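Not measured: the values here are computed from a predicted model. Chain A is the first sequence line, chain B the second, and so forth, proteins listed ahead of strands; every chain is numbered from 1.
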Amino acid sequence: MRGRAVLVAVVLAALVLPFQLGTSALTTATFVVIAAIGATGLNVLTGYAGQISLGHAFFLAVGAYTGAKLGADAGWSAALWIPAAGVVAGVCGALVGPVALRLTGLYLAIVTLALVFIGQHVFFNVESLTGGPQGRSFAPVVLGPFDFSAGQVLRVGSLEIDHNGLYYYLALALLAAATAFAWNVRRTRSGRAMVAVRERELAATVIGVDVRRVKIAAFTASAFLAGVSGALYASYLSFAQPGEWSLLLSIQFVAAVIVGGMGTVAGPLLGSAVVFALPTVLKNLPLVPDEAAGGVSVSDLSSIAYGLLIVAFLVLEPRGLVGLVHKPKEAHS
Amino acid sequence: MTEFLQLLFQGVSLGATYALVALGFAVVYRSSGVINFAQGAMLLLGAYATSWLAVDVGLAFGLAVLVAMVALALAGAGLHAVVLRRVTGQPTFVLVMITIGAGIAVTSGVEAAFGPDRRLLGDPWGSSSFEVGGVTINSVKAWGIAVTTVALAAYFAFDRYTRWGLAMQATAADEEATLSVGVPVRLVHAGTWAMAGGLATLGGLFLAGFPGAPQPTLGDAALRAFPAIVLGGLGSPVGAVVGGVLIGVTEVLTSGYAPDSLGTNFSAVAPYVAMIAILLVRPYGLFGVRPAERI
Amino acid sequence: MSLLDVRDLALRFGAVTAFEGVSFDVRRGELFAVIGPNGAGKSSLFNALSRVYEPASGSVQLDGRDYLRLRPHQLAATGVARSFQNLGIFPHLTALENVLVGRHHLMRCGVLRDGLGLGRREERQHREAALDALAFVGLERCAGTEVQLLPYGLRKRVEVARCLAMEPRLMLLDEPVAGMNAAERAEIAELVGRLRTERDLTVLLVEHDMGMVMQVADRILVLDFGVPIALGTPAEIQADERVIRAYLGEAPEATRTEVRA
């Protein structure tokens, strides 16, 4: 009962947020929600199935460039290129899955690391797709009569929603769908199998779980959501260079999942809020001298913070922010 | 032909550096099962520490290196004592992520403290070089190979012939049993990490030598030691050395001979491609062993 | 009618022989136990039978078909369920979820259908079966509890429930009462007995605890130093000289001599 009330409150708060925030804060919030879609995917892969992946940035990139090819270059509607971005990224994820089968923990971590570097190498060199080192522009979302380009304003009654708000609501809707999907998975056969593989892979095998299928499924689902997130992200940014899809981006997503609480429902959003809003928060802190004044760059500070957050949470509260709030399921008698 | 020999020499010297990094890594893994993703960061820190001590503080270079090694050794042992000891027994994933987090914090911290520009290493060799049969040999690189060889030989001797080496092997094999026969396991762990720190300093120092320099991108270069580690097989010191040299040679030869169709700067990803290719055939690396599972 | 037919099975680790010359059959609906002192080779035999180890020689037939060609991941589909000594349960899943993993090989939904919520009916049906298995072991109340919060004895029972939920033909139990006190042992013994009587399962169990085995087993194989030394009913085994000697050493003979003198 209490859980339901909290959920309703959160949803209501999320819906009215754009009208409470200034443009800059709304932009940050939108990025957070977009990122949370990707974090939900990584949560399935890492939180449920326990697979280490440093390659999330790669799948985000695949989604982004798919969206660019179909949206900006071929003129498709966003109703098509957003799902398509997910599908193409998902297929890539399915291809990585079999590699994960033969490799245990750290080997997998390093191979997914390789994926990011090799991916970036390809992106820097295939100019026709990515614009090369200069980067390329990405199409704004256009859904039927709704144009999300900068400067567009939607009027609903007496309310005005600018393009930031439009992206925000779209991302929110997609996040809700992604969260529902992940929650369904956890409560059913495939989710249980993922957790079983994470906890006792050999026992799971003997009980009849097809570990191969489980890992491929986890990688595919994770990559799909990363693709959707990446496509939306690039569209909102409107311009991106291949350098965007870096190891640091992967690590931000991993940090988000860990800080939020691995394997939980609220974790991805909570963690994304902390990790992806952090640079903005740091920039506005009066105590820190900014780069121009000879101080520390925000990006360095953020990175230090990510590293420390990851270490702190894993050592002190491995269940993340959600764990700080909840206790594990007590024995009901 | 001389061009090939030239590249080969550079590859071997780069490989020697990777071998040092990979060895530091293998040592820690063998004794505690922890994958130290912070090894690259320690390398960066080692190079910067040496540079700072030699250039800013004004120590003689040899002394600077020694002090840096000690400092890194302490940092490594410190990381173990403060962070890693508290999470023993947790799944691999957690240990890996912690070292990744630590690595990121350190790498960014170094960049924050020293800025994004290249620094002077403060080494006595600089850009000096000599010729052997038409091949230009940088003094730094020559010293790098020499020092690496000595360090590796010292490690192997230590591992095989001393009590502490035996203690490390025993701890790796069965920590509880080792503890029960009176070996101070905590000290062994601390020692292992200290070694990793020291080896990282040496590795970082030569990686930062001419024509390189202590700069933040050194961290990325250090990441290329991971394919070496994986290729050789986690926990195999011999594998670390072989892997390191292989990766170094691959990287340099590709920079010299890779066709344009593979893109500019392919040599930077060649190690990763080589690693994946080998893992597809041998999932535990060239010398790695499939870990035993308890039923 | 034998379900499991083992002929002349041997397992070696390099120069060390874990066991050899092992032959026995397990009849349908029977509860067959393998016992022996420490180091007798029972665990190795068990692991060979659960396809984790590869025997050096010999044959095993399950219902007339070659059993040794099976890999561990094929056991469930073949109708073989095994428990684990070091607990193969999943700590962060609830008791019900653990048992539901046992139903995994009987269910069909993949991640897509699951995520879209299309597998509701299948999920409901199997939940009922899982609750039924939990009820059999007396743990319906704990269905929603994470098993890491349950005491050892209850976790063992969850594992038995999971084996049951797999709807196997043959259940392999690996030292089910290891590490338990007398009360817990009695409970598990009763549970194992009921598996046979109420569910008509064929059970092969490896065990150290003589008392429990004598109580529930139909027939017993005794191993000593990797060699079978006796095969028979509990009564026959208890009276068997070689068995007594294996467990107690030469003492009984010596004592008798002393008394006479």
Side-chain angles (χ1 to χ4, degrees), chain A residues 40-41 44-45 47-50 90 94 97 177-222 224-225 262-264 319 327-333, chain C residues 50-52 71-78 80-84 86-98 100-120 122-123 126 141-146 148-151 154 159 162-163 165-166 172:
Chain A
T40 304
V44 169
L45 181 63
Y48 297 173
T179 306
F181 184 90
W183 188 63
N184 275 336
V185 166
R186 177 59 183 85
R187 294 181 326 139
T188 57
R189 175 183 187 257
S190 40
R192 287 189 294 264
M194 287 182 193
V195 176
V197 165
R198 184 189 84 213
E199 310 226 278
R200 300 254 149 84
E201 190 170 317
L202 185 58
T205 310
V206 170
I207 293 166
V209 172
D210 187 341
V211 172
R212 175 190 195 91
R213 274 240 178 99
V214 167
K215 288 186 179 178
I216 294 179
F219 268 98
T220 308
S222 171
F224 175 87
L225 289 174
M262 283 187 278
T264 63
R319 290 170 302 134
K327 310 278 176 208
K329 281 194 175 164
E330 296 291 339
H332 307 295
S333 21
Chain C
S50 51
R51 306 307 299 116
V52 174
R71 313 256 71 248
H73 69 267
Q74 296 169 301
L75 286 183
T78 315
V80 177
R82 71 158 280 185
S83 74
F84 291 81
N86 286 320
L87 284 195
I89 56 157
F90 310 112
H92 289 92
L93 291 179
T94 64
L96 183 61
E97 287 176 326
N98 262 277
L100 276 167
V101 178
R103 304 293 296 174
H104 183 95
H105 74 107
L106 298 165
M107 295 170 78
R108 285 289 151 260
C109 272
V111 73
L112 187 58
R113 290 180 60 196
D114 275 338
L116 296 174
L118 298 175
R120 297 262 166 79
E122 182 185 71
E123 179 76 14
H126 289 273
R141 307 162 290 120
C142 301
T145 311
E146 271 183 41
Q148 64 173 338
L149 299 171
L150 295 176
L154 295 191
E159 204 177 349
R162 189 179 64 195
C163 284
M166 288 171 69
L172 304 173

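- Comparing A:Ala204, A:Ala177, A:Gly263 by how many heavy-atom pairs each has under 4.5 Å with chain C, the most go to A:Ala204.
- Residue C:Arg103 does not touch chain A at all, counting heavy-atom pairs closer than 4.5 Å.
- If you tally non-hydrogen atom pairs under 4.5 Å between each of C:Pro72, C:Gly110, C:Pro91, C:Gly115 and chain A, the highest count goes to C:Gly115.
- Note: C:His104 leads C:His104, C:Glu122, C:His126 in heavy-atom pairs under 4.5 Å with chain A.
- Considering all non-hydrogen atoms of both residues, C:Cys109 and C:Gly119 come closest at SG-CA, 3.6 Å.
- Within residues 186-195 of chain A, the residues that have a heavy atom under 4.5 Å from a heavy atom of chain C are A:Arg186, A:Arg187, A:Thr188, A:Arg189, A:Ser190, A:Arg192, A:Ala193, A:Met194, A:Val195, listed by number.
- Across C:Arg113, C:His73, C:Arg71, the residue that shares the most heavy-atom pairs under 4.5 angstrom with chain A is C:His73.
- Of the listed residues A:Val214, A:Val206, A:Val44, A:Val211, the one with more heavy-atom pairs under 4.5 angstrom with chain C than any other is A:Val206.
- Contact check for C:Leu116 versus A:Asn184: no side-chain heavy atoms found under the 4.5 Å cut-off.
- Taking the side chain as every heavy atom from C-beta outward, A:Ile207 and C:Phe90 approach each other to under 4.5 Å.
- Annotation for C:Gly88 and C:Glu159: closest pair N-OE2, 3.5 Å, computed over non-hydrogen atoms.
- For C:Arg162, the part sitting under 4.5 Å from any heavy atom of chain A is the side chain, from C-beta outward, and nothing else.
- Both the backbone and the side chain of C:Met107 come within contact range of chain A, with heavy atoms under 4.5 Å apart.
- For the pair A:Tyr48 (side chain) and A:Ala218 (backbone), a donor-acceptor distance under 3.5 Å is absent.
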